[in-house]
Amino acid sequence: MAAERANVLLMGPHKPLIADGLAAAFTVHTLGDTRDAGAMLSAIAPEVRAVAVSGPPAQVDPALMTRLPRLEIVSSFGVGYDNIDAKWAGEHGIVVTHTPDVLNEEVADTAIGLLLCTARNFPQSDRFVRSGEWARKGFPLSTASLRDRTVGMVGLGRIGKAIARRLDAMMVPVVYHSRRPQADVAYRHYPNLIAMARDVDVLMVITPGGKDTHNLINAAVLDALGRKGILINMARGSVVDEPALIKALREGRIHSAGLDVFVNEPNVPAELIAMDHVVLFPHLGSASVYTRQKMEQLVVDNLLAWNDGKPPLTPVPETPAPPRRR
Ligand code: 8YV
């Protein structure tokens with residue numbers, strides 16, 4: 001007799017590889033398919049053994065996990081998992097997995113693109129050509145350049161290192177701030193973020209979101225970065241104090257900013273939209289078909305490994321233990 005299929009709760013935006021991959025192996029309950037998600041959840045909660053999260057805005061908090069008494073694993077899309085209470089999950093024997101590594105190079109490409117766009121005004125130059133202005137005058141020289149700058153990495157994890165490697169090739173000096181120095185890099189480590197911000201002209205933010213890094217980039221850090229400074233945020237909107245950034249940009253206390261992430265996505269503050277000298281991306285970090293397919297497949301593969309009784313492929317550090325069986 002065929003083994004009973006495990007019940008999986010699928011939350012978040014529709015992603016074909018995840019939906020189809022799960023449907024082939026599990027009984028899938030898609031939250032959001034139904035108008036009455038609360039009633040649907042109550043009906044299936046006692047049977048759910050796994051949750052798949054296909055991206056924000058889905059939240060997996062203790063209130064939800066408590067409602068799922070047989071929950072063993074949460075497989076989440078994306079390397080960042082600030083929408084999941086992984087600490088609580090770890091304390092309650094629930095494994096959380098994410099999708100690291102497969103997106104490193106794509107996000108690093110985007111980070112360099114955003115940095116170049118911000119320093120050299122490339123998006124503005126495209127607008128200039130399209131508006132017909134070029135027929136009347138030349139595009140102004142960019143007052144910023146990467147040729148006379150040091151980049152301070154805020155975070156030097158897997159993606160941070162991929163960005164730093166690109167900067168090495170571009171002959172741009174790199175230093176970094178993180179809680180602990182990394183053993184395998186030659187870049188100078190700054191235990192103090194303000195001290196690093198004073199010494200560099202670019203802050204490249206690529207650190208996890210969540211409460212530990214909330215508003216890490218505040219007014220004092222921006223002032224230490226100074227009038228020539230460029231802030232690039234590839235991490236999470238929550239890492240930057242957005243009102244403080246808007247004020248610093250408006251008052252010319254930093255040169256410019258390139259932002260891939262915002263506090264309340266997809267809502268971007270009108271003040272930022274009104275500023276021509278900042279560059280705004282719609283959370284593009286990993287956004288190619290190639291890379292997103294690898295991330296989607298890894299969400300499925302983590303659950304297939306669990307279903308086969310194997311260790312999860314890419315657990316988060318808070319939940320390294322194998323999932324409990326109930
Ligand atoms: C995704 C990301 O765009 O992996 C992450 O943490 O921020 C991006 O790759 C995000 O998960 C939105 O779906």
Side-chain angles (χ1 to χ4, degrees), residues 10-19 21-22 30-32 51-61 74-87 89 96-115 153-163 166 204-214 216-217 232-240 242 258-268 279-303 312-319:
L10 173 57
M11 302 169 67
H14 178 71
K15 295 205 161 69
L17 278 186
I18 296 181
L22 295 183
T30 308
L31 205 62
V51 171
V53 182
S54 58
Q59 298 278 336
V60 180
D61 54 18
V74 177
S75 177
S76 179
F77 176 88
V79 66
Y81 50 96
D82 45 319
N83 52 332
I84 295 170
D85 194 333
K87 186 165 173 287
V96 176
T97 64
H98 61 152
T99 62
D101 294 320
V102 291
L103 79 182
N104 292 352
E105 305 304 326
E106 198 77 71
V107 179
D109 289 349
T110 308
I112 295 298
L114 183 53
L115 173 60
M153 305 291 306
V154 181
L156 197 70
R158 291 172 277 221
I159 300 174
K161 283 178 185 155
I163 297 171
R166 284 160 173 73
M204 172 67 78
V205 185
I206 184 72
T207 190
K211 61 178 176 2
D212 291 351
T213 56
H214 185 254
L216 179 70
I217 308 297
I232 305 293
N233 189 5
M234 291 298 299
R236 285 290 182 266
S238 61
V239 181
V240 174
E242 220 165 55
L259 306 172
D260 188 44
V261 287
F262 302 87
V263 169
N264 185 24
E265 294 173 12
N267 303 303
V268 176
V279 180
L280 310 172
F281 282 0
H283 201 144
L284 286 187
S286 61
S288 70
V289 171
Y290 176 91
T291 292
R292 287 292 175 87
Q293 283 184 346
K294 291 196 180 313
M295 294 163 67
E296 288 185 38
Q297 192 57 50
L298 192 46
V299 171
V300 175
D301 289 348
N302 267 300
L303 288 177
L313 304 176
T314 47
V316 303
E318 292 90 334
T319 69

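All values derive from a computational prediction rather than experimental measurement. Whatever order the structure lists ligands and atoms in, that order sets their numbers, starting from 1.
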Are any side-chain N or O atoms of Asn302 and backbone N or O atoms of Pro312, one a donor and one an acceptor, separated by less than 3.5 Å?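 Side chain of Asn302 to backbone of Pro312: no pair is present.
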Close-range residues for ligand 1, whose non-hydrogen atoms fall below the 4.0 Å threshold: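 Within the 4.0 Å shell of ligand 1, which is judged on heavy atoms, sit Pro56, Phe77, Gly78, Val79, Gly80, Leu103, Arg236, His283, Ser286, Arg292, Met295.
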How would you list, by chain and number, every residue that makes a ring-ring contact (aromatic ring centres under 6.0 Å, His included) with His283, sequence neighbours excluded?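 Expected list: none.
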Listed partners of Phe77 passing ring-ring contact (aromatic ring centres under 6.0 Å, His included), at least two apart: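 In terms of ring-ring contact (aromatic ring centres under 6.0 Å, His included), with neighbours along the sequence ignored, Phe77 is linked to no residue.
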Does Arg166 form a salt bridge (charged side-chain N to carboxylate O under 4.0 Å, His left out) with Asp109? I'd like the steps, not just the answer. CA-CA 8 Å; Arg166 284 160 173 73; Asp109 289 349; 2.8 Å; yes
Quick one: are Asn233 and Ile217 in side-chain contact, heavy atoms under 4.5 Å?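 No, too far: nothing below the 4.5 Å cut-off.
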Apply salt bridge (charged side-chain N to carboxylate O under 4.0 Å, His left out) to Glu318 and list each qualifying residue two or more places apart in sequence or on a separate chain.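 Here no residue qualifies.
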